[in-house]
2 protein chains.
Amino acid sequence: MSVRKVAELAGVAPMTVSRVINTPTKVRPETRERVLKAIERLGYVPDLVASSLSSKRSRIVSALVPTLGNPMFSQVIQGLADTLRAADYHLIIGDTRYSAKIESALVLEMLGRRPEAIVLTGPVREERIRKALLRAGITVVQIWDLQPGHIVDCAVGFDNYAAAVAMMRHLLGRGYRRLGFMAIVGDERARERQVAFREALAQHKLKPTFEALPSRFDPAYDPTDEFIRQIEQHPETDAVFCASDMLAHLAIFACQRKGWAVPGRIALAGFGDLPLSAKIVPSLTSIRINQYEIGRRAAEVIVQRAGGLRPRTLVQDLGYEIVERESTAPP
Amino acid sequence: MSVRKVAELAGVAPMTVSRVINTPTKVRPETRERVLKAIERLGYVPDLVASSLSSKRSRIVSALVPTLGNPMFSQVIQGLADTLRAADYHLIIGDTRYSAKIESALVLEMLGRRPEAIVLTGPVREERIRKALLRAGITVVQIWDLQPGHIVDCAVGFDNYAAAVAMMRHLLGRGYRRLGFMAIVGDERARERQVAFREALAQHKLKPTFEALPSRFDPAYDPTDEFIRQIEQHPETDAVFCASDMLAHLAIFACQRKGWAVPGRIALAGFGDLPLSAKIVPSLTSIRINQYEIGRRAAEVIVQRAGGLRPRTLVQDLGYEIVERESTAPP
DNA sequence: CTGAAAGCGCTTACAG
DNA sequence: CTGAAAGCGCTTACAG
């Protein structure tokens with residue numbers, strides 16, 4: 001099945017078949033009809049691989065996220081997928097498992113598909129990769145965290161550090177003073193939140209009661225146990241800033257098991273504002289990021305660029321919002 | 001940047017560069033070294049589009065799931081992505097939003113990329129699409145639900161109906177008799193569970209107290225409110241079978257808000273056994289499906305097929321497991 | 001409005 | 001072990 005077969009059946013040149021598919025208005029209606037009928041009869045599906053090669057437009061976008069298992073990122077992917085599909089692009093995805101090494105290997109692999117754009121979560125970490133990206137001359141959209149110094153091309157996201165600072169302001173404003181921090185090790189974005197956590201405390205001449213970073217690669221990995229252990233070892237803790245809502249949910253359940261009132265005994269705050277966070281009991285104070293919108297905007301930038309437009313702003317800060325809920329009511 | 005440039009720099013023919021990349025052992029070590037150096041120096045990344053076209057091997061797999069937002073499916077995708085990457089395949093994804101129409105359009109689009117295999121969630125619903133798939137002559141792996149009559153090619157999943165029947169056996173065995181059912185409308189897989197729910201009750205000469213199917217397209221969509229409304233309208237209900245763990249989690253929170261003891265007042269059971277279900281208070285009885293494994297096996301089938309092997313079994317039933325937890329303790 | 005020629009960047013299938 | 005020729009299935013850039 002190929003343009004040639006269709007052309008033969010319709011009694012036209014292959015070029016005309018190509019026109020019917022790509023620029024139908026440039027073909028006389030009668031001719032178009034004949035070609036369309038031939039396409040239909042043969043069940044012809046144009047080969048986009050060949051099309052990509054000769055037109056030098058792959059209509060492919062690659063996106064790399066740390067993990068697909070995290071709803072934060074799957075929402076971003078969903079936003080990307082929906083918007084790109086509407087513009088006739090296909091999306092190739094890869095997950096880096098939070099590893100810079102895997103990320104680099106994936107970028108190189110992806111580049112082989114000649115994508116028109118590549119979406120990366122966070123800054124490029126290897127100089128070699130940055131060079132390869134530049135040499136490829138494609139649109140690079142860095143999503144999620146905005147770190148101005150490291151942006152290769154475009155960026156859509158929010159200020160992770162500022163968001164964490166705002167949450168700390170909220171917690172301190174509520175009167176909490178003995179704060180713990182919890183994140184999953186390997187999550188570099190969480191590291192930034194941790195820095196904000198420390199600095200905010202330091203400004204108030206306070207010290208963390210604990211900073212726990214269970215590793216998902218640790219065979220004994222269980223954030224729930226880790227949380228309980230930390231609270232028992234540091235019973236003065238009156239609030240815990242969790243680097244993700246999922247951790248905060250687990251902490252709430254741990255507290256329920258232990259009979260620790262939230263927020264009476266311990267206040268809890270998360271990050272990401274998952275849908276469940278508004279519904280959980282107690283409802284969870286969190287930092288809302290519009291994940292879907294990040295994906296949508298990233299796709300938008302890509303489509304605009306492909307259309308020859310220079311997007312007005314190369315860096316789009318979509319902001320964040322502290323959502324104050326029951327879990328951090330004043331003590 | 002092309003094989004030609006590399007070939008010139010290395011002083012060999014393009015064909016030799018191709019060999020160094022694809023079958024390096026077939027090139028004399030000294031020649032290979034020279035070519036490798038040229039590749040390195042130029043930062044050459046082979047064009048997989050051109051490679052696909054001439055070799056007729058795209059090394060692409062397309063996967064369609066109803067939504068990426070549901071952790072059930074993102075786990076499947078993760079299993080696919082990991083396994084396919086290890087075999088040097090790229091994964092193009094699409095989400096059908098539970099729509100047969102979108103699914104059909106996506107399949108046709110995907111076919112244009114000449115994937116070596118396509119992964120579909122559930123059976124193909126349009127005859128036209130089944131034909132297109134057959135004509136494409138590629139591996140089609142139907143995942144998730146196993147419906148023998150509708151399988152185009154291979155299938156990896158579990159028996160949705162049997163799983164729901166097993167859960168009903170559990171609930172009835174625990175002594176619950178006044179059962180309600182809840183699912184999100186549009187989820188066809190949930191429909192099967194609903195049928196099992198009804199039939200199991202009928203066998204015991206029982207009737208549902210309610211069957212609620214909130215629609216995510218309904219502006220007033222709120223499964224929590226819907227759950228509360230149903231329980232208040234049908235206060236005799238002593239247990240609710242939720243077609244997904246997420247719904248069951250929301251139901252648990254709703255009960256906490258209302259002061260309805262789970263399982264004292266109402267027992268709850270879910271489907272999918274999300275990680276949170278073991279941790280939530282009360283822990284949730286659910287049906288465990290190994291989502292990641294479904295993805296992994298689907299990829300395995302694809303890789304085996306590509307290697308010329310006929311997989312031993314075309315239909316792999318990975319089974320399910322009723323995980324009995326606190327939420328359905330005897331009344 | 002339509003078509004013949006050339007070429008996109010690889011690899012297949014020979015040939016030596 | 002290496003290479004020259006042909007071709008994968010489209011589209012670009014002309015030409016008429």
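In what follows, chains are A, B, ... by sequence order, proteins preceding strands, each numbered from 1.
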Plane angle bin for F73(B) and W144(B) - parallel if under 30°, tilted between 30 and 60°, otherwise perpendicular:
tilted
Less than 4.0 angstrom from a charged side-chain N to a carboxylate O is my criterion; do R297(B) and E293(B) meet it?
yes
To the nearest angstrom, the CZ-C1' distance between R113(B) and dC10(D) comes to 13 Å
Original post:
Looking only at atom types and distance, does a side-chain atom of S58(B) sit under 3.5 Å from a main-chain N or O of S52(B), one as donor and one as acceptor?
Top reply: no
Note on DNA chain D: ranges paired as stems (three or more Watson-Crick/G-U pairs in a row, both atom distances under 3.5 Å) are C:1-3 with D:14-16, C:5-12 with D:5-12, C:14-16 with D:1-3
Taken to the nearest whole Å, CG/L48(A) to C1'/dC10(D) is 10 Å
field: Test item: P115(A) and I138(A) side chains (from C-beta on) under 4.5 Å apart, heavy atoms
entry: yes
Whole-Å distance, R19(A) CZ to dG9(D) P, equals 21 Å
**Prompt:** Should D47(A) and R113(B) count as side-chain neighbours, where that means a heavy-atom distance under 4.5 Å?
**Reply:** no
Q. Quick one: does I77(B)'s side chain get under 4.5 Å of V65(B)'s, heavy atoms only?
A. yes
Residue-phosphate contact under 4.0 Å: T16(B) side-chain N/O, dT2(D) OP1/OP2:
no
Separation of dG9(D) atom C1' from E8(A) atom CD, nearest Å, is 14 Å
ask   = Side chains of Q78(B) and T67(A): does their closest heavy-atom pair fall under 4.5 Å?
value = yes
**Study point:** Contact check, side chains of V45(A) and I39(A), non-hydrogen atoms, under 4.5 Å
**Key:** no
Atom CD1 of I21(B) and atom C1' of dG9(C) are separated, to the nearest Å, by 11 Å
Tightest non-hydrogen contact, residues T139(A) and D153(A), listed as CA-OD2, 3.3 Å
Task: R189(A) side chain near T121(A) side chain, heavy-atom distance below 4.5 Å - done: yes
Check: Looking for any heavy atom pair under 4.0 Å, which part of the strands does V12(A) touch: base, sugar-phosphate only, or nothing?
Finding: sugar-phosphate
Output a table of nitrogen or oxygen pairs between the protein and nucleotides 5-8 of chain C separated by less than 3.5 Å.
residue: dC8(C); atom: O3'; partner: K56(A); partner atom: NZ; Å: 2.9
residue: dC8(C); atom: O2; partner: S54(A); partner atom: N; Å: 3.4

Side-chain atoms of S2(B) come closest, of dC10(D), dG3(D), dC10(C), to dC10(C)
_Any side-chain N or O of Y44(A) below 4.0 angstrom from OP1/OP2 of dG9(D)?_
no
Check whether any side-chain heavy atom of V141(B) lies under 4.5 Å from a side-chain heavy atom of L120(B), and answer yes or no.
no
Residue pair V45(A)/P14(B) against DNA chain D: nearer the 5' end by closest nucleotide is P14(B)
Any salt bridge linking E127(A) with R130(A)? Criterion: basic side-chain nitrogen under 4.0 Å from a carboxylate oxygen. yes
Residues in residues 24-34 of chain A with a heavy atom under 4.0 Å of DNA chain D, by number, are none
query: Is S51(B) near enough to dT11(C) that one of its side-chain N or O atoms lies under 4.0 angstrom from OP1 or OP2?
result: yes
Assert: residue with more 5' nearest nucleotide on DNA chain D, out of R114(B) and G11(B), is G11(B)
